[in-house]
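So the structure is just underneath, and the comments pick up after that.
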Amino acid sequence: MAFLGCVNLKEIVIPGSVTKIGTRAFFTNPVAKTATLIVEQGSYAEEYCKKNGEKFAYGVKT
């Protein structure tokens with residue numbers, strides 16, 4: 001549980017370079033479930049969020 005205890009966590013930025021996210025990576029952590037995943041449009045992370053019903057928003061490439 002990577003985000004356990006992060007009670008003020010509001011966003012998790014997932015870079016466009018990420019090509020794999022484990023099955024149910026955010027499923028078992030209630031803190032991570034309240035955060036918005038920030039993803040790049042057209043990225044693997046966007047596909048993951050859509051497929052798994054994760055809350056996401058598009059971020060800006062840096």
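Side chains are part of it too, since the values below use all heavy atoms of this structure and drop only hydrogens, waters and symmetry mates.
Put simply, the side chain of C49 reaches to within 4.5 Å of the side chain of V39, judged on heavy atoms.
Listed for the K55 side chain is a donor-acceptor partner under 3.5 Å among the backbone atoms of T34.
Note that CD of E40 is 13.0 Å distant from CZ of F56, once rounded to the nearest 0.5 Å. A distance of 7.5 Å separates CG of L37 from CD1 of I21, quoted to the nearest 0.5 Å. Note that CD of E11 is 6.5 Å distant from OG1 of T36, once rounded to the nearest 0.5 Å. Y48 contributes atom OH, which lies 9.5 Å from atom NZ of K51 (distance to the nearest 0.5 angstrom).
Considering all non-hydrogen atoms of both residues, G16 and S43 come closest at CA-CB, 4.3 Å. Taking every heavy atom of both residues into account, I38 and G59 meet most closely at CG2-CA, 3.5 Å.
Between E46 and K50 a salt bridge is recorded (basic side-chain N to carboxylate O distance below 4.0 Å).
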